[in-house]
There are 2 protein chains.
Amino acid sequence: MARTQGSRSEITGPLIRDVARSLFAREGYAAVSMRQIASAVGVQAGALYAYIPDKQALLFDLLESHMQDTLASWHDDPVNPPLIRLEAFVRYHIGFSLDRTDAVFLSYMELRNLTPENFDRIARLRGQYEAALEVILRDGQKTGAMQFADAKLTTLALIAMLTGVTNWYREGGRLDRQRIGDIYWSLVRGAVGAD
Amino acid sequence: MARTQGSRSEITGPLIRDVARSLFAREGYAAVSMRQIASAVGVQAGALYAYIPDKQALLFDLLESHMQDTLASWHDDPVNPPLIRLEAFVRYHIGFSLDRTDAVFLSYMELRNLTPENFDRIARLRGQYEAALEVILRDGQKTGAMQFADAKLTTLALIAMLTGVTNWYREGGRLDRQRIGDIYWSLVRGAVGAD
DNA sequence: GTCTATACATCGATAGAC
DNA sequence: GTCTATCGATGTATAGAC
């Protein structure tokens, strides 16, 4: 199977996604042109369409793969005490989010630029992730290790709080990741009445 | 001072801002055209430029006036105990945000579409608002009414948590505003170690 | 697989009539 | 103050050569 001259499909495909993720995060989906993406990749605009059907599919692919990664990388062990599981979730969510700030940003910033069908699919994945935290909270409530008024609201409140880290964190800043995890865990522990 | 025929400046001006705020929030600044705004207002696109210099100024005006409203409506009384002041802030922030979900959404969603100069001005206003919460937390820490590791991080974490309400709240939903305020206040009270 | 070239729509903003 | 008309730039996407 001879290679076409100039063919670099094995790197161009992923590169398009990397470039698009970065540009979308920085300037917004609607503000970024296909020409701009192509230029950063190092090809002409027309060449992009050998890899993706259209711009919308590119955005959806970025959001879907991010949500699937997020779900697939989280491992909960219901055998452990709820507080141990909650601490693991907090540290996982912060670490995972800080490793992919662009994707995290896109995943709640560009939902409105998805078609209704694509939006529903992403919302479903997001719901699954929220459920992963909610089940821990409900278990903790059951065993008496945690105390709060509403598991659903607490789930949404905690995820919003944790995800907010991506808005201000800068590599090499005042606090390292371990310390940030410690601080947020103590906030969460208090919020769920586990002191 | 005779009115020009067809002139409706006293309503068209504010209407442009209302329409733009709503459209920008729903579809994003970059995705909304001036023709779209004009159509929703009920004029032709060219007429918009009698009220605003350009699209960028329209966005900046929306964000700036929202941040100034947010700052101007908040009243803190340093004489009160820190926990009382914190509860007031929590309820104020939730209530004020839910009254203006579009503006709140824009104010952290469209920052990247501001020119650098405009961005700096909005960031400065945002910093003032964060400082309003931070001073309460530091006072609470001083008096021993609150306990947490880092006042700056706690400030950002709490604001992210509270603002998140705008992402899921729907009028006529399962919980009314009073109840939502109660639930979030108990989460915050726990987070700052005030139990 | 990538290029050049281009079709066709739409963009922000302006000019001049009324 | 608003209209019609339009400029010049830019948008997504496609066609056909190599």
Side-chain angles (χ1 to χ4, degrees), chain A residues 1-21 23-24 26-63 106 110 112-115 117-118, chain B residues 1-24 26-63 106 110 112-118:
Chain A
M1 196 149 68
R3 290 272 307 287
T4 305
Q5 198 178 23
S7 164
R8 291 175 297 169
S9 74
E10 64 288 0
I11 63 165
T12 303
L15 186 54
I16 289 172
R17 293 159 40 103
D18 289 344
V19 161
R21 187 186 305 111
L23 287 174
F24 287 168
R26 187 159 65 249
E27 307 185 23
Y29 170 78
V32 173
S33 71
M34 296 300 276
R35 290 187 225 273
Q36 209 175 334
I37 295 170
S39 169
V41 169
V43 297
Q44 293 297 315
L48 298 178
Y49 293 88
Y51 297 91
I52 53 157
D54 53 33
K55 195 184 178 189
Q56 167 73 205
L58 178 55
L59 175 62
F60 174 71
D61 184 60
L62 290 173
L63 298 197
L106 285 185
E110 297 296 357
R112 62 190 170 185
N113 282 309
L114 293 171
T115 63
E117 299 75 23
N118 286 342
Chain B
M1 192 149 74
R3 290 272 309 286
T4 305
Q5 196 178 24
S7 165
R8 292 175 296 168
S9 74
E10 65 287 359
I11 63 165
T12 302
L15 187 54
I16 289 173
R17 293 158 39 103
D18 289 344
V19 161
R21 186 186 306 111
S22 168
L23 287 174
F24 287 167
R26 189 158 66 249
E27 306 185 23
Y29 170 79
V32 173
S33 70
M34 296 299 276
R35 286 174 172 83
Q36 207 175 336
I37 295 170
S39 169
V41 169
V43 296
Q44 293 298 315
L48 299 178
Y49 293 88
Y51 297 91
I52 51 158
D54 53 32
K55 196 184 177 188
Q56 167 72 204
L58 179 54
L59 175 62
F60 175 70
D61 184 60
L62 290 172
L63 299 197
L106 285 186
E110 298 295 357
R112 60 190 170 186
N113 282 309
L114 293 170
T115 63
E117 298 75 24
N118 286 341

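A note on names: the letters A, B, ... follow the listed sequences, proteins ahead of strands, and every chain is numbered from 1.
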- Within-4.5 Å side-chain heavy-atom neighbours: Tyr29(A) and Gln56(A): yes
- Is any side-chain nitrogen or oxygen of Ser33(A) closer than 4.0 Å to OP1 or OP2 of dT10(D)?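 The answer is no; no side-chain N or O of Ser33(A) sits under 4.0 Å from OP1 or OP2.
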- Item | N/O (side chain, Thr12(A)) to phosphate O (OP1/OP2, dT2(C)) under 4.0 Å | yes
- Should the pair Lys55(A)-Glu110(A) be classified as a salt bridge under the 4.0 Å nitrogen-to-oxygen rule?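 No salt bridge links Lys55(A) with Glu110(A).
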Rounded distance in Å - [atom1] ([X]) to [atom2] ([N]):
X        : N       : atom1 : atom2 : answer
Leu15(B) : dT2(D)  : CG    : P     : 10 Å
Arg35(B) : dC11(C) : CZ    : C1'   : 6 Å
Leu48(B) : dT14(C) : CG    : P     : 12 Å
Tyr49(B) : dA13(C) : OH    : C1'   : 5 Å
Gln44(A) : dT6(C)  : CD    : C1'   : 13 Å

Closest listed nucleotide, where the reference is the side chain of [X] and the choices are [options]:
X        : options                  : answer
Lys55(B) : dT12(D), dA13(C), dT2(C) : dA13(C)
Val43(A) : dC3(C), dG1(C), dT2(D)   : dC3(C)
Tyr51(B) : dT12(D), dT2(C), dT2(D)  : dT2(D)
Ala47(A) : dC3(C), dT2(D), dG12(C)  : dC3(C)

